[in-house]
Amino acid sequence: MKLRFYNTLTQKKEEFEPIEKGRAGMYSCGPTVYNFAHIGNLRTYIFNDLLRRVILENGIKLDHVMNITDVGHLTSDADEGEDKMLAGAKRENKSVWEIAKFYEESFFNDISLLNIQKPEILCRATDHIDDMINMEKKIEDNGCAYFAGGNLYFDTSKIDDYGKLARLKVEDLQYGARTEIDENKRNNSDFVLWFTKSKFGDQDMKWDSPWGTGYPGWHIECCAMSSRYLGEQFDIHTGGIDHIPVHHTNEIAQAEAAIGKKPWVKYWLHGEFLVMDKGKMSKSSGEFLTLKLLVDKGYDPLAFRFLCLGAHYRKQLMFSWEAMEGASQGYKNLKNRISELMKNEQSYDGDKKRSYYLERFSGFINDDLNIPQALALLNDMIKDNKLGSKEKLDITKHFDQVFGLKLLEKEETDIPEDVLALADKREKARGEKNYTLSDKYRDMIREKGFEIRDSKDGQTIEKL
RNA sequence: GGCGGCGUAGCCAAGUGGUAAGGCAGCGGUCUGCAAAAUCGCUAUCAUCGGUUCAAAUCCGGUCGCCGCCUCCA
């Protein structure tokens, strides 16, 4: 099955044909490190990770770049609102640089817990200010920028297909619906390339530029960094669905204005939101769920990954504690079944089922990442009595290179001495058929968070 | 106002023209001293109305409800 993706740009599923055969260049919009990532953000990074793994599964070499946005960005172009980094710094009484470092580390910790592979290249915006300035110079040279009110703006009227990604009809947009309108703009859809006029005079993060001391607009960093690491034109750009109308629209406008070629990026893939019953999760509205909270409630981070794998990346996923509990149980059960297979490895495959499952799997994942169906296939495969446990484990291992659920890993949990002692007593009592006593010990063990499971070969102790 | 999308069992969800995947929960059986774990089996006509078609959850139109975006957002 050929690899196909849904391309936001064409609104169709398309066969993936990289610019260079056998090699893909991919850029993913990363986090702004001014606060913890919430589980909605993390869903998008899980989507990126699945995309990575599916590309690699197809034997394609991958250059994956992700940015870390550590430059403060205002909530609007009109010098209104707060600088997010600065707000974070004030909130925690730290410097903006400390804030960036702290939340960057927190982000890396989260993605590691979720078994998200690190991109080949991770790059910080503040390390690439020169690249941004250079690209902005090109945009200015190509006549697509103007200077007004102390800021350098991008002139969207110079782009005949502005808004093509989101199919924006510029005249129908309601500007100023939620933010102040910037009087310096020639067109409502114009945006800032470089700020010099900021109401934050004591700003730590500022750099010299041909337009004066200041800092870059938001959209330019992705263009500049992707261009540095992947070349002027490349294959795939990903991000959350919210980036389509503004961030990615403006990236395309800038990049194509700077390089003078189209298309800048061939395939655009966007991950849908994780939503709560009251709508999406948002950092600015205060309340949001972090991975740490899930862990504190006793959930395995990979159970959250499992939850995300159960829904297609282009569909909203409804998060609730009930759904989380279901995913947690489902993940535990799945691992239990697999560890059961490991106890008794038998090899047989009468009906060539192995190749059947591998083909079906590749069909699902290559069809625009249909991970939910691939996961259903795994369940079917494990239950298939035409296949030996050895084959099942083999296939599971193969599938798990894409799922990333650590299905074959058994976590080593140390069983405390007192639990071991109780287990011995329980086994002894049970041997003597003193079931009242042995059940009492079993209850005591359960209260300590461990569970006794009996089998032909005697009892085992599992952590609850 | 414009744009994008959704409504499938108690819950999370796949399926987008050929007669409803999978998981969780629940119920019943096997196993077990009893449990647990494992295992087998059972449980929906797809918001609603109308149309197209031999055939629709899937296509078209209406209605109701919901969500996202329109310069902070994953």
Side-chain angles (χ1 to χ4, degrees), chain A residues 8 11 28-32 34 37-45 47-48 73-78 81-84 87 163 166-182 188-192 218-219 238-247 249-250 270-275 277-285 306-307 310-312 314-320 322-331 333-334 336-337 339-340 343 364 370-380 383 385 430 433 435 438-439 442 446 451-455 459-460 462:
Chain A
T8 307
Q11 295 193 316
S28 298
C29 284
T32 304
Y34 68 104
H38 58 60
I39 59 174
N41 299 126
L42 295 173
R43 181 190 183 198
T44 299
Y45 300 115
F47 148 63
N48 283 330
H73 291 295
L74 302 181
T75 52
S76 95
D77 291 338
E82 289 182 304
D83 174 310
K84 291 186 289 185
R167 285 159 179 72
L168 298 180
K169 289 181 193 159
V170 173
E171 60 278 12
D172 288 338
L173 295 175
Q174 262 187 6
Y175 286 96
R178 296 205 294 200
T179 51
E180 293 297 311
I181 289 174
D182 181 349
N188 283 324
S189 52
D190 291 354
F191 53 91
V192 176
W218 175 35
H219 315 298
T238 74
I241 193 167
D242 53 322
H243 280 153
I244 296 171
V246 179
H247 184 47
T249 287
N250 290 345
H270 293 95
E272 251 291 1
F273 278 141
L274 176 99
V275 298
D277 51 358
K278 285 190 183 120
K280 69 164 187 170
M281 202 171 286
S282 162
K283 283 185 188 172
S284 50
S285 72
F306 181 83
L307 177 70
H312 189 90
R314 283 195 289 119
K315 288 276 181 69
Q316 287 185 351
L317 170 60
M318 182 67 85
F319 181 88
S320 62
E322 195 178 359
M324 187 63 226
E325 187 57 37
S328 173
Q329 200 51 248
Y331 180 60
N333 290 352
L334 182 58
N336 268 339
R337 281 180 200 126
S339 75
E340 209 63 28
K343 285 179 185 163
F364 288 144
N370 199 331
I371 306 297
Q373 283 215 316
L375 208 51
L377 185 73
L378 173 70
N379 276 298
D380 291 343
K383 284 189 283 191
N385 56 20
R430 190 160 177 271
K433 296 204 192 301
Y435 294 122
S438 73
D439 287 355
R442 189 170 62 191
R446 175 175 279 273
E451 185 175 74
I452 294 290
R453 290 180 192 166
D454 289 324
S455 74
Q459 66 183 22
T460 58
E462 307 283 336

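A, B, ... follow the sequence lines: proteins, then strands. Residue 1 opens every chain. Not measured: the values here are computed from a predicted model. The figures that follow rest on heavy atoms only: side chains count, while hydrogens, waters and symmetry mates do not.
- In this structure, A:Ala311 reaches the sugar-phosphate backbone alone: every heavy-atom distance under 4.0 Å involves primed, P, OP1 or OP2 atoms, never a base.
- Distance CD (A:Glu325) to C1' (B:rA25): 10 Å, rounded to an integer number of Å.
- Contact check, A:Asn370 against B:rG15: a side-chain N or O comes under 4.0 Å of OP1 or OP2.
- Note that CD of A:Glu451 and OG1 of A:Thr460 are 9.0 Å apart. Values are rounded to the nearest 0.5 Å.
- Taking atom C1' in both B:rC64 and B:rA47, one finds a spacing of 8 Å when rounded to whole Å.
- Closest contact between the side chain of A:Ala376 and the listed nucleotides B:rG22, B:rA74, B:rC69 involves B:rG22.
- Pair assignment for B:rU16: none, as no Watson-Crick or G-U wobble contacts are both less than 3.5 Å.
- Of the candidate nucleotides B:rC24, B:rC34, B:rA37, B:rA37 has the atom nearest to the side chain of A:Glu451.
- Here B:rA37 is the nucleotide among B:rG68, B:rU39, B:rA37 with the atom lying nearest to any side-chain atom of A:Asn336.
- If you measure from atom CG of A:Leu334 to atom C1' of B:rA38, you get 14 Å, rounded to the nearest angstrom.
- Atom CG of A:Leu274 is separated from atom P of B:rG68 by 12 Å (rounded to the nearest Å).
- When distances are taken from the side chain of A:Asn333 to each of B:rA38, B:rG10, B:rG68, the shortest belongs to B:rA38.
- A heavy-atom distance below 4.5 Å is not found between the side chains of A:Lys315 and A:Glu272.
- In this structure, of B:rG15, B:rU71, B:rA37, it is B:rU71 that holds the atom nearest to the side chain of A:Ser189.
- Between the C1' atom of B:rG23 and the CE atom of A:Met318 lies a distance of 18 Å, rounded to the nearest Å.
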**Study point:** Evaluation steps, side chain to side chain donor-acceptor pair (under 3.5 Å), between A:Gln11 and A:Arg167
**Key:** CA-CA 10 Å; A:Gln11 295 193 316; A:Arg167 285 159 179 72; 3.2 Å; yes

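- Nucleic acid contact for A:Pro245: sugar-phosphate only, since backbone atoms but no base atoms lie under 4.0 Å from a heavy atom of the residue.
- The residue A:Gly40 sits close to a base: some heavy atom pair falls under 4.0 Å.
- Nearest to the side-chain atoms of A:Arg430 among the listed nucleotides B:rG22, B:rU32, B:rA38 stands B:rU32.
- In this structure, the CZ atom of A:Phe319 is 11 Å from the P atom of B:rA13, given to the nearest Å.
- Atom P of B:rA37 sits at a distance of 15 Å from the matching atom of B:rG28, rounded to the whole Å.
- Taking a cutoff of 4.0 Å between a charged side-chain nitrogen and a carboxylate oxygen, A:Lys343 and A:Glu340 qualify as a salt bridge.
- Here the C1' atom of nucleotide B:rA13 and the CZ atom of A:Phe306 are 11 Å apart, to the nearest Å.
- Among all heavy-atom pairs drawn from A:His270 and A:Phe47, the shortest one is C-CE2, 4.0 Å.
- The separation of B:rC69 from B:rU63, taken at their C1' atoms, amounts to 25 Å, rounded to a whole angstrom.
- Judged by atom type and distance alone, A:Asp439 reaches the base of B:rG33 through a side-chain donor-acceptor pair under 3.5 Å.
- Below 30°, between 30° and 60°, or above 60°: for A:Phe191 and A:His219 the angle between ring planes is above 60°, a perpendicular geometry.
- At the heavy-atom level, A:Arg43 lies nowhere under 4.0 Å from the strands shown.
- Rounded to whole angstrom, the span from the CD atom of A:Glu340 across to the P atom of B:rC31 amounts to 17 Å.
- The nucleotide whose nearest atom lies closest to any side-chain atom of A:Glu322 is, among B:rG4, B:rA74, B:rC11, B:rC11.
- Spacing of P atoms, B:rA57 relative to B:rC46, comes out at 7 Å, to the nearest Å.
- As judged by a 4.0 angstrom heavy-atom cut-off over every strand, A:Leu317 is placed among residues touching the sugar-phosphate backbone only.
- Distances shorter than 4.0 Å separate none of the side-chain N or O atoms of A:Arg442 from OP1 or OP2 on B:rA35.
- Under the Watson-Crick or G-U wobble criterion, with both distances below 3.5 Å, B:rG7 is paired with B:rC64.
- Nearest to the side chain of A:Leu307, among B:rC12, B:rC24, B:rA21, sits B:rC12.
- The C1' atoms of B:rA36 and B:rC31 are separated by 12 Å, rounded to the nearest whole Å.
- Note on A:His312: only backbone sugar-phosphate atoms sit closer than 4.0 angstrom, heavy atoms only; bases stay farther off.
- Between A:Asn41 and the phosphate of B:rA74, there is a side-chain N or O to OP1/OP2 separation shorter than 4.0 Å.
- When each of A:Leu274, A:Leu307, A:Val275 is paired with A:Arg43, the side-chain contact (heavy atoms from CB on, under 4.5 Å) condition holds for A:Leu274 and for no other.
- For the C1' atom pair drawn from B:rU43 and B:rA56, the interatomic distance equals 24 Å after rounding to whole Å.
- Counting only heavy atoms from C-beta outward, the side chains of A:Arg430 and A:Ile452 never approach each other to under 4.5 Å.
- Positionally, the nearest nucleotide of RNA chain B for A:Pro372 lies more toward the 5' end than for the other of A:Pro372 and A:Ser438.
- Atom CD1 of A:Ile452 and atom P of B:rA37 are 14 Å apart (whole Å).
- Rounded to whole Å, the P atom of B:rG41 lies 11 Å from the corresponding atom of B:rG23.
- Contacts of A:His270 with the nucleic acid, taken as non-hydrogen atoms under 4.0 Å apart, are absent.
- Here A:Leu378 contributes atom CG and A:Phe364 contributes atom CZ; the two are 12.0 Å apart, rounded to the nearest 0.5 Å.
- Pair assignment for B:rU30 gives B:rA38, based on Watson-Crick or G-U wobble hydrogen-bonding distances that are each under 3.5 Å.
- For A:Lys315, the side-chain atoms get nearest to B:rU16 when compared with the rest of B:rU16, B:rC11, B:rA37.
- Side chain of A:Gln316, nearest nucleotide from B:rC34, B:rG68, B:rA74: B:rG68.
- Comparing B:rA20 with B:rA44, their P atoms sit 11 Å apart, to the nearest whole Å.
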